[in-house]
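What follows is a single structure, written as structure tokens, with notes after it.
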Amino acid sequence: DEVLEALGEFFISSYLLNNGHLDLLRAQGQTLREFMGHMDTMHAYLKKEVYQDIVPPSFKTEDAPDGVGFLLHYWSFRPALGPLTKGMVCAAGRVLFEQEVRVETLRTSEAKGCHYVLYRITDEKGDPHPRQHAGLAARG
């Protein structure tokens, strides 16, 4: 799990940013929640334009019941990649929004070959208010 988390962090913080994908990442939202909520759209674009054979995961965000952070639903036909997603979310928070986040796994399940994970995403400092594109603006 630790290796996959590190790979997820590397993928966002090094590979994507250093290989011309900054504008694509910027277009996904002004907050981490918006960013994660647009992952299905981004993956659909990549599948159509670049990687026709990929079977991307699916994401959905919603309010956390207590109003702190948000919930992230993750579905994938590749069950071992949940930790990769956790690393990517942490890196996106840090690199794109200058926000250290905690990613807590609340529930996992599998049905008909589809792996499901419910995450709770919170700011490490407990700040319930999402940050805007501070990190990206500095790089622009």
Heavy-atom side-chain proximity of Met36 to Val89 below 4.5 angstrom = yes
Provide the full list of salt bridge (charged side-chain N to carboxylate O under 4.0 Å, His left out) pairs with a residue in residues 63-76, sequence neighbours left out, each pair given once.
-> Arg33-Asp63, Asp66-Arg120
Is the backbone N or O of Arg94 less than 3.5 Å from a side-chain atom of Glu98, with the two atoms forming a donor-acceptor pair by type?
-> no
Mind listing the closest non-hydrogen atom pair of Leu4 and Pro83 along with its distance?
-> CB-CB, 3.8 Å
Applying salt bridge (Lys or Arg N to Asp or Glu O under 4.0 Å), name anything that partners Arg102, two or more places apart in sequence or on another chain.
-> Glu124
According to the side chain to side chain donor-acceptor pair (under 3.5 Å) rule, which pairs have a member within residues 77-90, sequence neighbours left out?
-> none
Joining Ile, Leu, Val, Met, Phe, Trp and Tyr whenever any side-chain heavy atoms lie under 4.5 Å apart, the cluster holding Leu71 also takes in Trp75, Leu106, Tyr116, Leu118
Quick one: which residue pairs count as a salt bridge (charged side-chain N to carboxylate O under 4.0 Å, His left out) with a foot in residues 103-116, not counting sequence neighbours?
-> none
Could you pull out all residues at least two apart from Phe70 that satisfy ring pair (Phe, Tyr, Trp, His ring centres under 6.0 Å)?
-> none
Heavy-atom pair of closest approach, residues Gly113 and Phe77 = O-CD2, 3.3 Å
Atom pair NE2 (His73) and OG (Ser58), whose distance is rounded to the nearest 0.5 Å = 11.0 Å
Answer whether the closest heavy-atom distance between the side chains of Glu9 and Met88 falls below 4.5 Å.
-> no
Determine the minimum heavy-atom distance between Tyr119 and Gly82, stating which atoms define it.
-> OH-O, 2.8 Å
Which pair of non-hydrogen atoms, one from Thr122 and one from Val68, has the smallest distance, and what is that distance?
-> CG2-O, 3.9 Å
Aromatic plane relationship, Phe35 with Phe97 - under 30° parallel, 30 to 60° tilted, over 60° perpendicular | perpendicular
So, do Ile121 and Leu32 sit near enough that their side-chain heavy atoms are less than 4.5 Å apart?
-> yes
